[in-house]
Amino acid sequence: MLELQGLDVDIGVVPVLRGIELGVPDRSMCGLIGRNGAGKTTLLRSVMGALRARGGKISFDAHDLTAEPGHRRAHVGIGYMPEDRRLVPDLTAEDNILVPVWATGVAGYQKRLSWIYELIPEVAAFRARPATELSGGQQKMVALARALIVGTKLLLLDEPTEGIAPVLARRFVEILRDLKSEGESVLVAESNDKHLHGLLDRSYVIERGSVKLGAA
Amino acid sequence: MNLVRDRTVQGLTLALGVMLIVSALVPSWIVNQLLFAFSRAIVVLGLLVLWRTRLVSFGHALYFGLGAYTVAMTSRYTGVNDAFALLGAAALLSTVVGFFVGFIIRRYRDIFFAMLNLAFSMILYGILVKTEALGSTDGFTIEQPTFAGIAFEDPSEGKLALLCLLMVVGWAVAVGVQAYLRSTLGRLTTAIGDNEIRVEYLGYSAEHAIHIKYVLSTFLAGLGGGFMALALGQVDPDSMVNWTASGELVFVTILSGPGSVAAPFIGSFVFEILRTYAFEWMPHAWQMIVGGTLLIVIFFMPGGLWGLVSGVAQRLTRRRPAAAAPGAGG
Amino acid sequence: METALTILLDGLVFSSYLFIVSLGLTIIFGVMKILNVTHGSFYAWGAYTAAFLIGLAANAGWPDWAGFAIIFFAAILVGLVLGLILERGILQFMYHRDEVLIVLATFGSFLVLEDTILLVFGVDPYFAFQPMQLLGSVELGGIARDTYGLTLIGLAAVLAVTSWLVLRRTHWGKLLSAVIFDRELAMAMGLNVSRVYIVTFVIGAMLGALGGAYIAPTVSVAPGFGVDVIVLSFAVVVIGGMGSVPGAMIGALAVGIVRALAVHKFPQFELFVIYAVMATVLVFRPEGLFAPVKARKI
Amino acid sequence: MPPPILDVRNLHKNFGAVTAASNINVSFTAGETVGIIGANGAGKTTFVNMITGYLKPTRGAILYRSREITGLPPRSIARLGICRSFQVSQVFVSLSVLENLLTAVAIASSPGLGMLRPLRRPELIERAERIMERYRIAAFRDQLASELSQGARKLLDIAMAVAGGPKILLLDEPTSGISTEEKQPLMDVVMEALKQDELTILFVEHDMEIVERYVDRVLAFYQGEVICDAPPAEALRDPKVQEFVIGGEYQAGGGHA
Amino acid sequence: QDKPVKMSVVSFLSGPAAGPFGVPARNGAEVVILAINAGKLPAPHNTKGLAGRPIEVEYIDESGGNTKQVAEYRNMVEKRGVDVALGYVSSGTCEALTPVAEELKKLTVYAVCGTPRIFEESKPQYVFRTMSHATSDNVAAAYYVREYFPKIKGYTGINQNYAWGQDSWRDFDAAMKQLTKAKASTKLQWPKLFQGQYSTEISALLLDKADLIHSSFYDGDLESFIFQGQTRGLFKKKQVVFTVGETSVYRLNKRMPEGVVLGARGPYGVIVLNRPSALNKWFIAAYKDRFGSYPPGPAYQYAQAVLATKIAYDAAAKKAGAFPSQDQVIAQLKGAEFESFSTHVKMALGDGHQAITENGYGITKWDAKAGEVKLEKVKFYPAECVNPPAGVKSVDWINGGMKGAKCG
Ligand SMILES: Nc1ncnc2c1ncn2[C@@H]1O[C@H](COP(=O)(O)OP(=O)(O)OP(=O)(O)O)[C@@H](O)[C@H]1O
Ligand SMILES: Nc1ncnc2c1ncn2[C@@H]1O[C@H](COP(=O)(O)OP(=O)(O)OP(=O)(O)O)[C@@H](O)[C@H]1O
Ligand SMILES: [Mg+2]
Ligand SMILES: [Mg+2]
């Protein structure tokens with residue numbers, strides 16, 4: 001489904017990713033595990049088109065995404081949850097979730113929205129509150145929901161369980177499990193695989209900008 | 001604190017020596033250009049101090065004009081006509097006004113800071129334009145000042161004396177600003193621009209620091225305005241207090257670049273020359289040249305003229321074109 | 001009583017004028033965080049183009065009402081051409097730069113455009129009085145009023161309602177919020193950010209040009225026409241809260257009505273009104289009447 | 001029993017209809033290490049924010065060494081020696097790591113006119129460098145903070161909180177975003193400092209292993225209320241805590257089990 | 001080969017005052033300078049050049065404020081070595097330049113400017129002005145009002161909120177107080193320069209009880225005010241006096257309201273269109289030939305300044321028997337008296353540095369047959385009637401009852 005071949009990415013003049021080879025097969029859950037500063041976020045942002053690759057190729061479902069403009073990702077079914085949440089402050093939680101829907105103009109999102117609310121009932125509880133008012137963890141949930149709404153094929157999650165209370169982290173893991181059973185592909189970046197243990201089909205270890213396949 | 005070993009200070013001192021000699025040799029129109037340029041440079045130095053905190057004032061013509069008008073009014077109405085007294089009064093008054101206005105201004109950031117300054121400057125502009133006792137739109141002319149009691153018969157000698165004074169004062173304030181920028185308080189500048197919450201939680205008031213900075217900049221603006229008034233022998237609201245005057249000051253700041261306290265002196269001189277020639281070559285489209293230059297500076301010279309100079313110097317001496325702008329000069 | 005009506009009408013007319021000239025500015029600021037000094041150029045170019053074309057049309061024997069069509073045509077034309085040139089030619093390379101530098105870039109462009117007017121249209125003023133003449137005057141509150149001036153109120157109302165509906169009642173407005181907040185995020189959510197910027201800037205430019213074009217028939221269109229409008233519209237926008245359409249409306253109303261009151265009752269204070277209102281509002285509400293929501297930081 | 005260093009009395013905070021703190025009464029003695037746990041949105045950050053002056057409580061009082069500090073601005077509270085780190089790192093992005101720390105150290109050590117002394121003084125640089133070593137960010141010494149990864153920024157944030165030499169240290173989720181390998185070493189460092197300086201530490205934490213290992217006492221929040229105030233062994237077995245915070249039985253050793 | 005005489009002609013070439021004022025002024029100077037260099041001025045001025053040497057002219061923009069002009073003036077003199085600086089419309093600029101001209105000792109001929117202060121508050125040696133100052137405009141206006149509108153009970157004003165507008169109103173108000181019993185309104189309108197939108201002011205003027213309105217508007221503001229006022233019947237309801245309204249006549253043409261009192265800051269432009277002197281006929285023809293329209297007031301005023309310079313140079317050369325020094329030229333210009341294109345000019349005030357001329361007003365009337373605006377009831381007031389005598393300050397003179405006025 002997602003295939004990175006020899007990806008090189010610089011930020012400014014600093015080379016951050018080097019020769020990344022990574023694949024997320026259909027209906028699988030992959031982990032991208034690495035310490036602070038290893039390059040996880042950079043990798044996900046590159047896939048999302050926020051950073052231009054200096055070399056290499058990003059392909060998705062036989063599309064070549066390398067040269068496509070960034071906003072096309074959402075249109076082809078990739079959902080993204082940034083590590084620092086980034087909710088639009090003056091919109092309500094629900095509006096935030098719907099932003100990608102409006103942006104891509106996909107039809108029939110209602111069903112998916114109620115499915116998401118079933119999946120994460122906490123969000124339904126504060127759906128009408130402005131995003132500014134939500135606590136860090138609450139925002140995290142909204143960000144996940146927002147990634148889910150258009151991410152029908154692939155989800156890119158950047159440290160989804162960071163800053164999440166154990167009670168919720170457990171729910172997150174359950175949610176991921178559900179997603180997997182629904183046939184979605186997921187790439188999760190985490191600084192450890194504590195919560196993900198046993199869920200991953202594949203896990204990549206990233207270190208100083210290079211990945212290698214780790215034990216699943 | 002070891003200012004003597006500071007490279008910038010050494011450079012400034014050397015430049016002062018050279019300039020004192022050079023200015024006696026150049027034709028008088030250059031003396032005038034230098035007078036205008038360095039007077040403005042002192043104001044720009046103040047704007048540079050603000051810019052280091054990412055604050056830009058679109059209204060510093062308020063203090064520039066206040067300084068200039070103080071000089072004009074004092075010499076007209078009190079009979080005091082000594083450059084030292086006049087300049088002292090100019091700097092003092094604008095500092096006092098800056099101090100009080102600062103209590104309001106210090107709460108604002110970004111574009112709001114710029115705009116509120118604009119608003120205050122336009123209020124002064126309105127008052128000047130309307131008040132005949134203040135010269136209305138015509139402004140005032142100012143007589144040749146004396147220098148600590150010494151009067152010069154020949155006006156061009158007077159101009160030269162003023163230039164020498166200006167350069168010495170310019171050197172002194174530049175060194176002072178350099179010391180300030182190296183101090184903890186001055187270094188807080190960039191920090192405040194980045195993250196005020198953190199500054200507060202480190203136990204210092206960002207507003208307080210900005211207030212000090214603001215007062216410093218108003219002091220410099222008033223002093224520069226005072227010099228400008230003496231250099232021109234004339235004050236008027238349109239070229240000294242109106243928003244276009246503030247715009248010009250910001251323009252010169254950008255042109256100079258924030259890299260060094262020496263930059264404003266170079267930038268102002270280049271600006272004066274640029275404007276003179278633009279005016280000579282295209283008398284009715286000189287704005288186009290000025291505007292075009294501004295665009296070129298913004299696009300191709302992010303660090304201003306100073307960035308250009310130091311960039312070249314750095315490429316010669318160092319391997320990486322390091323993060324030049326904000327941290328330099330230390 | 002009649003004076004009160006007159007003051008109100010005068011205030012409304014002037015407010016409408018202020019609103020029309022500031023709307024484009026506030027929209028561009030709201031979406032792109034650009035304080036666009038070239039707004040004054042759009043205004044001037046709109047006025048010049050309209051006045052020039054109306055003059056041509058009059059010479060060609062077109063009926064006077066064609067002037068109205070020309071006004072809107074001129075606004076669209078100028079907005080499209082200048083807006084695209086500026087956004088594609090300059091601003092698109094600057095979005096990652098400091099806000100203040102962008103202001104200065106627009107200031108530079110403004111200076112250039114200002115002199116371009118001189119080169120293109122010369123220094124002689126243009127008059128395009130036909131539309132105002134056509135509508136004549138009506139008697140209201142005991143004095144004659146030019147009908148054209150009153151249509152300004154209508155135009156302002158239409159623009160206010162339209163922009164409010166678009167921004168508040170369609171998803172467009174909310175998507176704009178997303179762009180405003182974070183470009184990268186909006187892009188990741190599937191929004192073509194550069195297109196949003198182009199469209200916004202062109203619309204803002206059109207509104208600026210429309211302000212000028214619509215005012216053109218009432219004035220002598222001469223060099224320097226766009227200069228004062230900049231400060232004026234800045235003041236209105238700052239009072240209202242930068243980037244807020246209702247803010248611009250309230251700001252324009254406040255300034256317009258206070259000013260009308262001053263002109264009628266204390267004309268000697270007229271000059272200070274705008275800045276006095278601005279300073280007062282800002283002292284109590286630093287970010288204007290309708291301040292944008294800030295993200296929670298801690 | 002020694003008098004409390006920090007005493008929180010009857011604290012309330014409402015945001016419109018949301019109650020983020022309700023009738024909180026706790027006090028802390030000097031040298032204590034307290035872990036604050038709770039579900040997301042339970043009011044932990046709000047509690048920290050009120051103590052450090054970022055938010056004004058709707059009702060109630062906060063006393064530091066018997067002196068009321070409720071409503072004081074953050075900088076005054078910081079000057080009293082109550083320092084904090086943030087859930088979302090607050091660093092000076094356009095300064096280098098060294099300059100970030102220098103700023104923190106300098107402000108703490110130069111009251112009044114001392115602010116006019118140069119920032120880059122050898123003694124300050126030395127102190128900043130020591131702190132960098134300790135918090136494992138020495139490698140980034142001259143890198144701009146904007147270039148740091150999320151985790152490194154977090155470390156810097158904590159280091160800056162400690163740099164001022166606080167009496168009470170409040171850390172909001174210090175270990176979130178820090179990789180597992182680094183978590184414990186980091187906490188070891190912080191705790192070590194605590195033991196030396198008789199510091200009082202309050203930290204918000206979601207990782208129960210860390211809580212269990214390092215704290216003397218646990219405060220558990222739920223919907224703005226303190227539902228449990230007990231030593232960790234006891235708190236982690238509290239049924240309410242298990243239901244609302246942990247989401248099941250607590251197993252030592254975490255999810256791996 | 002003789003070195004040419006370097007002359008800079010300064011007027012508004014950009015900004016709102018360029019079209020109505022600055023450019024015609026420049027054009028007026030140009031017509032005369034070209035003729036001088038070709039030796040084609042009517043006799044007795046039909047010698048080539050200034051004292052035989054051609055004029056090398058540069059045209060300079062006056063916009064940008066006094067400060068910029070001071071700097072520019074210095075460049076002009078010190079850097080480019082100009083021999084005569086000529087022109088300037090703005091009073092403020094003239095005031096600012098005077099001390100600089102004195103300092104640099106450079107012959108400077110002001111063509112326009114308004115303020116009387118230049119020669120009343122100091123005694124410059126190198127500076128001249130070849131037209132009367134603004135006091136005469138407003139004194140003449142008050143005489144005209146007394147003569148043609150004796151029934152006026154009250155008057156008000158709308159003037160730009162800057163020195164020009166303020167001075168104009170002050171003089172007019174003072175003269176009206178001396179000459180009539182009419183009362184000044186308490187609500188004077190002081191709109192900002194270049195405001196462009198006057199609907200509120202027009203309402204206030206319409207509601208004001210005063211039946212006469214004084215205005216010294218002169219540029220784009222004048223025309224905007226006329227359009228907006230006309231639609232609302234302002235000029236039918238109120239008697240309006242435009243002291244500088246002449247600048248707009250040729251451009252507005254049919255759009256110029258009827259029945260408005262117009263001045264041209266002296267005997268220039270449309271007011272003297274029909275004067276039959278040879279110089280006037282030549283000037284109108286030459287200007288029309290080159291620029292396709294009648295010369296408006298500013299063109300006359302600048303032309304007059306150039307002519308005065310030529311007369312002084314030629315006279316000095318004659319006296320010296322060689323190309324004259326600057327001091328010799330100055331000696332000739334001082335106190336000179338000469339026939340200019342449209343009027344007699346006498347350098348009578350300020351120790352022979354400030355000219356006085358007659359001043360005239362008329363009332364607009366559309367002449368449908370000719371397709372032109374004509375002036376009716378044109379009336380001129382002699383120079384000694386509307387200008388203060390030498391040595392008396394204008395303001396004191398008016399307030400003191402205009403003693404010594406010779407109105408014939
Ligand atoms: N703007 C930048 N300029 C230069 N280097 C950068 C920049 N942003 C990030 N880096 C560097 O890129 C590397 C990868 O950063 P990235 O944010 O991808 O790490 P990460 O794996 O997501 O870490 P974390 O778990 O802490 O979030 C880091 O070493 C960081 O210092
Ligand atoms: N500024 C605010 N305006 C409105 N509501 C707020 C504000 N700050 C916090 N809240 C609300 O108060 C409650 C407590 O928030 P707080 O940030 O204290 O939670 P927290 O315990 O720190 O959660 P997390 O672990 O997710 O960070 C939440 O419901 C939140 O939505
Ligand atoms: Mg990361
Ligand atoms: Mg929190």
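Below, read A as the first sequence line, B as the second, and so on, with proteins coming before strands; counting in each chain starts at 1.
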Counting heavy atoms not belonging to R52(A), are there more than 12 under 6.0 Å from its CZ? yes
Shorter than 4.5 Å, heavy atoms on both sides: which option in I149(A), V150(A), V101(A), L91(A) has the most such pairs with chain C? L91(A)
Can you measure from CG (D90(A)) to CD1 (I180(C)) and round to the nearest 0.5 angstrom? 7.0 Å
Pick one of side chain, backbone, both or neither for D182(C), based on which atoms fall under 4.5 Å of a heavy atom in chain A. side chain
Is it the case that more than 12 heavy atoms not belonging to Y117(A) sit under 6.0 Å from its OH atom? yes
R88(C) CZ: over 12 foreign heavy atoms closer than 6.0 Å: yes
For the candidates A103(A), P82(A), A50(A), which exhibits the highest count of non-hydrogen atom pairs separated by less than 4.5 Å from chain C? A103(A)
Between CE on residue M189(C) and CH2 on residue W102(A), distance to nearest 0.5 Å: 13.5 Å
CG/N192(C) to OG1/T104(A) distance, rounded to the nearest 0.5 angstrom? 12.5 Å
Interatomic distance, CG@D95(A) vs NE2@H171(C), rounded to 0.5 Å, equals 7.5 Å
Heavy-atom pair count under 4.5 Å with chain C, highest-scoring of G105(A), P100(A), P130(A): P100(A)
Please check if the side chain of H75(A) supplies one atom and the backbone of G190(C) the other of a donor-acceptor pair under 3.5 Å. yes
Below 4.5 Å, heavy-atom pairs only: which of H71(A), R45(A), R146(A) has the largest tally toward chain C? H71(A)
Evaluate the side chain to side chain contact (heavy atoms under 4.5 Å, CB included) criterion for residues E184(C) and R86(A): first the C-alpha distance (whole Å), next the side-chain angles of each, then the deciding distance (0.1 Å), finally the verdict. CA-CA 10 Å; E184(C) 181 178 324; R86(A) 304 208 201 172; 3.9 Å; yes
Under 4.5 Å, counting heavy-atom pairs only, tell me which of I78(A), V99(A), V76(A), L98(A) racks up the most with chain C. V99(A)
